[in-house]
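Everything below concerns the one structure shown next.
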Amino acid sequence: DMAADVYIPLMIIHGTVDQRTPPEQAKRYVKALEKNNKYFKYVSVKDADHFTNTWTYDHKQLMYGSLLDFLENDCGKLSLQARAQAKASD
């Protein structure tokens, strides 16, 4: 279970019509992260494919806005907590 080895905050961005990586694969990984009590954010981008060069302006607005929010609010302090959690489990 690769999700058990996650010790940093993760952001998962996935298009609902991704032909390269099926949405079901992302959903299975999200469930594994939840099962292992891992911190993550999941953003589902409606009607978006795998490659961002096919995304609309609205898709990109959602993705970049979510990414900036994640970096500003979730990465720093939570990364320190995740490192402490990793040391405690060693």
Side-chain angles (χ1 to χ4, degrees):
D1 184 8
M2 292 173 49
D5 295 329
V6 172
Y7 293 105
I8 60 169
L10 286 182
M11 180 168 206
I12 301 165
I13 302 171
H14 204 269
T16 62
V17 294
D18 190 328
Q19 296 178 35
R20 170 77 48 114
T21 306
E24 292 76 28
Q25 185 174 341
K27 291 175 186 173
R28 281 194 310 270
Y29 192 59
V30 163
K31 285 183 182 179
L33 291 168
E34 291 171 339
K35 176 183 164 194
N36 286 280
N37 297 315
K38 300 301 179 176
Y39 186 86
F40 69 94
K41 295 270 177 119
Y42 177 69
V43 178
S44 179
V45 185
K46 186 175 184 210
D47 298 326
D49 197 4
H50 188 82
F51 300 101
T52 57
N53 65 338
T54 65
W55 288 20
T56 67
Y57 177 81
D58 290 338
H59 292 149
K60 291 176 183 180
Q61 282 284 101
L62 173 63
M63 190 262 299
Y64 287 123
S66 298
L67 181 58
L68 289 172
D69 179 70
F70 179 75
L71 292 172
E72 183 176 347
N73 296 304
D74 299 307
C75 284
K77 64 182 175 184
L78 289 170
S79 290
L80 294 174
Q81 291 172 354
R83 280 188 226 132
Q85 179 186 7
K87 285 183 181 181
S89 68
D90 285 342

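Met11 places a side-chain heavy atom less than 4.5 Å from the side chain of Leu67. Between Val17 and His50, the closest side-chain pair of non-hydrogen atoms is not below 4.5 Å. Under the 4.5 Å side-chain criterion, counting only non-hydrogen atoms from C-beta, Met63 is not in contact with Val43.
Under the ring-ring contact (aromatic ring centres under 6.0 Å, His included) criterion, His59 pairs with Trp55, sequence neighbours left out. Applying the side chain to side chain donor-acceptor pair (under 3.5 Å) test to Asp49 and every residue at least two apart in sequence or in another chain returns nothing.
A cation-pi arrangement, defined by a distance under 6.0 Å to the six-membered ring centre and an angle within 45 degrees of its axis, is absent between Lys27 and Tyr42.
When all heavy atoms of Thr52 and Lys60 are compared, the pair lying nearest together is O-CE, 3.2 Å. For the pair Pro9 and Asp74, the tightest heavy-atom approach, listed with the atom from each and the gap, is CG-O, 3.6 Å. Heavy-atom minimum distance, Ala3 versus Lys38: O-CE, 3.4 Å. Nearest heavy atoms, Thr16 versus Pro23: O-CG, 3.3 Å.
Connection of Leu71 to Tyr39 is established within a shared hydrophobic cluster, with ILVMFWY side chains joined at heavy-atom distances below 4.5 Å, either directly or through further cluster members.
A distance-only check finds a donor-acceptor pair linking the side chain of Asn36 to the backbone of Ala32 [under 3.5 Å].
Of the inter-residue distances, the one linking Asn73 atom CG with Leu68 atom CG reads 10.5 Å to the nearest 0.5 angstrom. Atom OH of residue Tyr29 and atom CE of residue Met2 lie 5.5 Å apart, to the nearest 0.5 angstrom. Between the CG atom of Leu62 and the CD1 atom of Ile13 there is a distance of 8.0 Å, given to the nearest 0.5 Å. Here the SG-CD1 distance, from Cys75 to Ile8, works out to 8.0 Å after rounding to the nearest 0.5 Å. Atom-to-atom distance recorded for Ile12:CD1 and Ser44:OG is 11.5 Å, nearest 0.5 angstrom. Summarising the geometry, atom OG1 belonging to Thr54 is positioned 9.0 Å from atom CD belonging to Gln19; distances are rounded to the nearest 0.5 Å.
Phe51 CZ: more than 12 foreign heavy atoms inside a 6.0 Å radius.
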